[in-house]
Amino acid sequence: MKIVIAEKPSVGRELAKVFGATTKKDGYIEGKGYSFTWAFGHLLQLAPPQEYGFIGWRRQHLPMLPQKFKLGIRKIKTKDGMVEDPGVRKQLDIIKKLFDEATEIIVATDAGREGELIFRYIYYFLKCKKPFKRLWISSQTDEAIKEGFRNLKPGTDYDTLFNSAHCRSESDWLVGMNATQALSISAGARSVLSLGRVQTPTLAMICSRFLEIKHFVPQLYYQLAIQLDKDGQLFKAISVINFDKKEDAEALFEKIEDVASGFPNGAKVLTVEAKPRKEPPPLLHDLSSLQQEANKRKGFTADQTLNLLQGLYESKLVTYPRTGSRYIGDDVFAGVPVLIEKLKGHQDFGKQADFLLTVPLNKRSVNAKKVTDHHAILPTGESPYQLTGDKQAIYEMVIGRMLEAFHQECVKEITKIAIEAGSVFMANGTVIRSAGWRSVFNESDDEKKDEENPSLPKVKAGEELPIVNKALLEKQTKPKAMYNEASLLKALETSGKDIEDEELRYAMKDSGLGTPATRASIIETLINREYVVREKRNLVPTNKGLAVYDVVKDQKIAQAELTGQWEKRLEEIRSGASVTDFKAEIIEYTRSITNELLQAGAGLAEKFMKEEKVDK
DNA sequence: GCAAGGTC
C-alpha cells in the first residue's frame, strides 16, 4: 500500500478524488492501491522549556539552550491547563498505522517551507525510517496533480528545505522563550511579558505610531476659497498656495474682486484640463485583503474574519482561505463563467452577473506565476443555505469581489480648472463616465472624495466669471491615523518595503512580518498580553505595552529587519549553506538579548503599574 | 505562564 500524506483534509480528499479512491475510512481514504491521509497543519510542536528540566521561570536557567529539541503533540488549552489535543493524537495514530503498513510514502504537504516541516516533524516523531518521495505541485488542478504524481521527486531533494524550516522553528523558540522569560523575570511582573520575532516588531509599530500622534504638534495654515457662478451653476475653487501667516492670506483675501465688492466678473479662467482616468478592477481577495475589507466595512477583527471564512470553507462554500495569493491560474479561470452564472437572479448581484456573461472577462487576476501554494479566494459554486448574518456578509464580499475582479475598468473624468483672482485658485472635479467594476457594490470611492465638485460646469480658458462668495479658511495639519486592524494588516504585509538594506528588503519581499495564516493571531496575542486594547476600531497601546516598547525599541528584536536577516540566511540554507553557522549565531544572539533584557527590564513592572495609577 | 508556524 502506498501512503499519500497531505497537509490538510481538503487536499487529501482532492488527491483521492483524482485517483478515484473512494473508500472512506476514519482519517484517510483508500482505493486503487493507495491510502490518502492528512495532517491538520502542524500536529507537533517544539516541547516547552519544562520538558528540558527548566522548571519554573528562573534567572539561573537563562539562556535556555536545549542540546537537542524534543517534539510534542500539539496542545490545547482547557480548564485544567494545557493538554494534548485528542483529535491530533488520534490522527497521528492513524498516520503511524498507515506508515507502518506502507510500501512507499508520498509527501503531499503544501509545496513550501512549512509544508516540509509539517511532514518531517511527523516522520521523525514517529521514528519512521521508510524512504519517501515528494509531490511538488503549484496548482491543484486534476492535470497538475496527475503530472505531479508522474514526476515525484526523491524525498532527500528537500533536505535543505527542511533544514531551513527546522532552523526557523528552533530559532523562534530560542529567541522567543528566552527573551520572554528574561523580560518577565527582570521586570518583576506577575504577568507574562512576551517577546518574539514577529509580535515585538508589531507592537513597536503600534507604539511608535501612537507616540508620533501623541507628540504631533498641529500647524495652522490658511487657504482662500471662492465660489464662482457659471450660468447659474455654482462651483468652488481653493487657493493653490497654503499660507503659513494669517496676514499674508488676509492681504490677498482683500484683493479678491467678488460681486459684493462691486466687481461683476472678478475671476478669469486660466486653463481647463479634462482627462479621463481609468481604474482597473481590484484583484481577487487573499486572506489579508479580505480581512482589511471586512474590518473597514463591518468592523470585524482579523480573527473574526478568519473564523467566519474557515466556517464557509468547511461548508464547502469558498476555496481555501489562508492564501497569500490574489491570483488564479488559467485552469481555475476556465471555471469562472460557471461561478458567475450561478449568481444570475441574485438579489444584489444578479444584474452585474448577467452583464458579465455578455462581455469578455477582465483577466487582471489571472496569472499562474503569481499563484503560490493556494490561489485567491473564490466561491466554490455550491449554494449557501441559511448563513448567519456575519457569514453572509463575508460570503458576499467574496462573491462581490469576484464580480468586480472580472469586470471592466471604471472610467472617470478628472477636470482641473485654474483660475486667476488675485491669486491662483484651482477647482477639481471628478465625474464617473463608466462605472465598470464600481457598479457591483455601487459605492463611491472611499479614498479621496471630491465632495465639493462632483461635476464642474463647462468653461473655457480666458472666460471671466463672477465670484459670488469668498472665504478665508483656517486649517490644521493632521497627524497620521492610529493603526486599526486593517491598516496594521497592510503594514505587516509591506513591513519589508521600508527596510533600507537592499538584501534584507529583497529577502522579505514576498513575506512581510508573519504570514496570512498567523497575522490575526499575532494581533490577538498582543491584546491577550494587555499590550494593546481595541478602542472603537483603533489598536491603542496600553501603559504596559508602551513600557515594554520603551525597553526593547532599540533592540534588534523590535525591528522587522530581524525577520529580513533570518529570511536571507534561511534562503541560503535552502540552497545548501551551512546550518551550523546560523545556529551558532542564533545561540549567540539568544545569549546577548537574554543578558540585556535581564538588566534592562529591572523595575519595569513598577513603572507601568505606577503610570496606570497616575492615569486614574 | 512563554514563540511562530500550520489547521479544524
Side-chain angles (χ1 to χ4, degrees), chain A residues 6-12 27 38-52 54-58 61-64 69 74-77 81-82 85-88 90-91 109-110 112-122 164-185 187 189-202 287 306-307 309-315 320-324 373-374 492 511 513-522 524-526 528-529 557 562-563 566-567 570 586 590 593-594 597:
Chain A
E7 180 153 329
K8 44 191 167 272
S10 64
V11 174
W38 46 75
F40 309 124
H42 277 297
L43 301 182
L44 297 159
Q45 52 191 186
L46 296 176
Q50 62 265 28
E51 299 203 21
Y52 306 95
F54 305 119
I55 313 290
W57 293 30
R58 308 167 84 87
H61 291 156
L62 302 183
M64 303 173 288
F69 277 93
R74 188 212 294 163
K75 307 281 197 298
I76 45 170
K77 240 185 194 136
M82 304 295 281
D85 184 327
V88 167
K90 184 177 169 204
Q91 190 65 13
T109 48
D110 290 357
R113 195 165 76 195
E114 291 303 320
E116 192 63 29
L117 191 62
I118 286 170
F119 165 71
R120 299 275 184 138
Y121 274 174
I122 294 170
S164 79
H166 197 197
C167 280
R168 198 281 306 147
S169 177
E170 295 187 349
S171 302
D172 275 326
W173 190 103
L174 285 169
V175 171
M177 294 293 189
N178 281 294
T180 297
Q181 288 203 13
L183 183 64
S184 304
I185 290 169
R190 281 202 209 107
S191 60
V192 175
L193 300 178
S194 69
L195 298 173
R197 172 179 60 86
V198 176
Q199 63 170 267
T200 305
T202 307
L287 174 61
L306 176 54
N307 287 330
L309 205 54
Q310 173 71 16
L312 292 169
Y313 169 64
E314 285 169 16
S315 341
Y320 180 74
R322 289 176 215 81
T323 175
D373 285 345
H374 308 279
L492 290 175
S511 52
L513 267 181
T515 70
T518 58
R519 287 186 190 123
S521 70
I522 288 159
E524 297 306 313
T525 297
L526 295 178
N528 287 332
R529 298 276 175 275
I557 198 171
L562 181 62
T563 292
W566 285 24
E567 286 300 336
L570 292 170
I586 292 294
T590 302
I593 182 86
T594 305
L597 289 170

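Each chain gets a letter, A, B and so on, in the order its sequence line appears, and its residues count up from 1. Everything quoted here is computed from the prediction, not taken from an experiment.
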[X] [atom1] to [N] [atom2], straight-line distance once rounded to whole Å:
| X | N | atom1 | atom2 | answer |
| --- | --- | --- | --- | --- |
| A:Leu193 | B:dG1 | CG | C1' | 11 Å |
| A:Asn178 | B:dG1 | CG | P | 18 Å |
| A:Leu597 | B:dC2 | CG | C1' | 13 Å |
| A:Leu526 | B:dA3 | CG | P | 10 Å |
| A:Leu562 | B:dA4 | CG | P | 11 Å |
| A:Leu312 | B:dC8 | CG | P | 14 Å |
| A:Glu7 | B:dG5 | CD | C1' | 10 Å |
| A:Trp173 | B:dC2 | CH2 | P | 14 Å |

**Request:** Assign the ring pair A:His166 / A:Tyr121 to parallel, tilted or perpendicular, where the plane angle (0 to 90°) is split at 30° and 60°.
**Result:**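 The rings of A:His166 and A:Tyr121 stand perpendicular, inter-plane angle above 60°.
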**Residue mapping more 5' on DNA chain B - nearest nucleotide basis, A:Glu170 or A:Tyr313** = A:Glu170
**Item:** A:Pro48 vs A:Pro516, nearer the 5' end of DNA chain B by closest nucleotide
**Value:** A:Pro48
[options]: which one has an atom nearest the side-chain heavy atoms of [X]?
| X | options | value |
| --- | --- | --- |
| A:Asp172 | B:dT7, B:dA4, B:dC2 | B:dA4 |
| A:Leu46 | B:dT7, B:dG5, B:dA3 | B:dA3 |
| A:Val192 | B:dG1, B:dG5, B:dT7 | B:dG1 |
| A:Thr180 | B:dG5, B:dT7, B:dA3 | B:dA3 |
| A:Arg197 | B:dC8, B:dC2, B:dA4 | B:dA4 |
| A:Val198 | B:dA3, B:dG5, B:dT7 | B:dG5 |
| A:Pro49 | B:dG5, B:dT7, B:dC2 | B:dC2 |
| A:His374 | B:dC8, B:dT7, B:dC2 | B:dT7 |
| A:Arg529 | B:dG5, B:dT7, B:dC2 | B:dC2 |
| A:Trp57 | B:dT7, B:dC2, B:dC8 | B:dC2 |

Would you please confirm or rule out a distance under 4.0 Å between OP1 or OP2 of [N] and any side-chain N or O of [X]?
| X | N | answer |
| --- | --- | --- |
| A:Ser169 | B:dG5 | no |
| A:Thr515 | B:dG5 | no |
| A:Gln45 | B:dA4 | no |
| A:Arg519 | B:dA4 | no |

Need one value for [X]: base, sugar-phosphate or nothing, where a base atom within 4.0 Å counts as base even if backbone is also close, heavy atoms only.
| X | value |
| --- | --- |
| A:Ser194 | sugar-phosphate |
| A:Phe54 | nothing |
| A:Gln181 | base |
| A:Gly514 | sugar-phosphate |

**Asked** Looking at A:Glu7 and A:Gly115, what are the two nearest heavy atoms and their distance?
**Response** OE1-CA, 3.4 Å
Could you tell me if the side chain of [Y] sits less than 4.5 Å from the side chain of [X], heavy atoms only?
| X | Y | value |
| --- | --- | --- |
| A:Val11 | A:Tyr320 | no |
| A:Glu114 | A:Arg168 | yes |
| A:Val175 | A:Arg197 | no |

**Message:** Once side chain to side chain contact (heavy atoms under 4.5 Å, CB included) is applied, do any residues pair with A:Thr518, and if so which ones, sequence neighbours excluded?
**Reply:**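 Partners of A:Thr518 by the side chain to side chain contact (heavy atoms under 4.5 Å, CB included) criterion, ordered by chain and then number, come out as A:Thr515, A:Ser521, A:Ile522.
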**Request:** Measure distances between side-chain N and O atoms of A:Gln310 and base N and O atoms of B:dC8, and say whether any donor-acceptor pair falls under 3.5 Å.
**Result:** no
**Request:** Return yes if the base of B:dC2 and the side-chain atoms of A:Gln50 contain a donor-acceptor N/O pair under 3.5 Å, otherwise no.
**Result:**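 Present.
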**Prompt:** Ignoring hydrogens and geometry, is there a side-chain-to-backbone donor-acceptor pair from A:Thr594 to A:Ala182 under 3.5 Å?
**Reply:** no
